[in-house]
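Notes for the one structure printed next.
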Amino acid sequence: MSLETSRKIFIVGDYDLAATLNSGQAFRWVEEGDGWSAVVDNRWVFVKQIGKGIEARVAEPVSDWRWLEEYLQVGVDIKAVTDSFPDDEPMREAVRACRGLRLLLQDPWECLASFILSSNKQITQIRQMVALICERFGEPVVSGESRGQGCPRSAFAFPSAARLAETSEEALRECRLGYRAPYLLKSARMVAEGEVELDRMREMGCGEAREELLKLPGVGRKIADCALLFAGGHQEAFPIDVWILKALKELYFARKRKVTPKRLQEFSMTYFGPHGGYAQQYLFHYMRKQAGRA
DNA sequence: GTCCAGGACCTAG
DNA sequence: CTAGGTCATGGA
């Protein structure tokens with residue numbers, strides 16, 4: 001019998017929680033005072049940075065914290081990862097600006113569904129859409145007994161594919177999804193029916209898993225690569241969005257007049273090494289930080 | 001009022 | 001394979 005606790009400390013260096021939780025890879029984290037809260041693996045959790053690492057609290061005591069350890073990827077040797085990046089000026093700058101930034105390992109469906117909503121939307125708006133579908137269709141995860149003690153009045157899990165599959169396009173449009181509503185609904189149905197097995201994504205090779213994801217409506221190369229990278233553990237996946245496109249053009253192809261998308265895709269897959277997706281996240285956050293200062 | 005957002009999809013060249 | 005238009009909504 002293992003002891004149940006509602007508090008846990010992860011000893012870890014080089015971990016910047018704020019950068020990690022606010023770098024556009026997950027959309028449920030809300031800043032609360034000196035930390036952040038969200039629902040992970042159907043549990044409400046609050047995390048904050050402390051001297052030696054990360055302190056976590058949950059609403060309902062647990063005996064096993066591996067779910068959070070895996071999600072936060074505290075066991076990853078981040079120095080080994082950043083050392084694998086190409087030794088050029090842009091990457092050195094990005095690493096300097098984003099020290100402690102980590103990739104999370106998220107739930108496949110929540111991650112994929114969130115990124116289906118992400119197309120042509122700002123991160124703040126993606127957060128709003130995700131929050132709405134959780135409030136309206138997600139299971140409540142905070143029981144009556146645990147309310148009050150630093151926990152929220154209510155918190156909701158991200159709705160399963162099966163749950164969303166039984167909603168309607170109209171109900172989803174009322175969550176402000178716009179033209180993304182039918183994409184999410186159809187993808188939810190296909191996942192719920194097992195047409196695409198998201199849970200096998202981590203066992204499959206990156207390319208094979210990508211082909212599966214591309215079968216889903218509303219999922220193109222970029223969104224597929226986000227799911228592969230943020231939930232599939234495939235760190236060679238390299239999502240190219242408008243920010244990364246700008247970064248690649250300005251930092252690596254400034255001399256070229258015209259660069260085709262295909263050329264950029266090839267470059268991104270070969271140049272940045274075995275943890276290319278990680279490098280991509282550093283470039284992404286680096287570009288956004290710079291823009292925020294201007 | 002204008003521009004654009006962690007794009008996908010459809011059509012025409 | 002590339003270029004351009006469209007999609008729904010709302011920050012900036």
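Being a predicted model, the structure only gives us computed values, none of them experimental. Lettering follows sequence order; numbering is per chain, from 1. Values below: all heavy atoms of this structure, side chains included; hydrogens, waters and symmetry mates excluded.
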Using whole Å, report how far CD of Glu174(A) lies from P of dT9(C).
-> 11 Å

Could you state the atom-to-atom distance from CG of Leu245(A) to P of dT2(C) in whole Å?
-> 13 Å

Hey, where on DNA chain B does chain A first and last touch, going 5' to 3'? Cut-off is any atom under 4.0 Å from a heavy atom.
-> dA5(B) to dC9(B)

Identify which one of Gln281(A), Lys289(A), Arg102(A), His285(A) satisfies the side-chain hydrogen bond (donor to acceptor under 3.5 Å, both in side chains) criterion when paired with Ser23(A).
-> Gln281(A)

Tell me whether the centres of the aromatic rings in Phe230(A) and Phe115(A) are closer together than 6.0 Å.
-> yes

Is the shortest side-chain N/O distance from Thr260(A) to OP1 or OP2 of dT2(C) below 4.0 Å?
-> yes

Considering residues at least two apart in sequence or located in another chain, which fulfil the side-chain contact (heavy atoms from CB on, under 4.5 Å) criterion with Glu266(A)?
-> Lys262(A), Arg263(A)

To the nearest angstrom, the NZ-C1' distance between Lys121(A) and dA8(C) comes to 6 Å

Give a yes or no answer on whether the side chain of Trp67(A) reaches the backbone of Asp64(A) with a donor-acceptor pair at less than 3.5 Å.
-> yes

For atom CG of Leu184(A) and atom C1' of dA8(C), their distance in whole Å = 15 Å

Rounded to the nearest angstrom, tell me the gap between atom CD1 in Ile123(A) and atom C1' in dG11(C).
-> 13 Å

Check ion pair Glu89(A)-Arg92(A) (N to O, under 4.0 angstrom) | yes

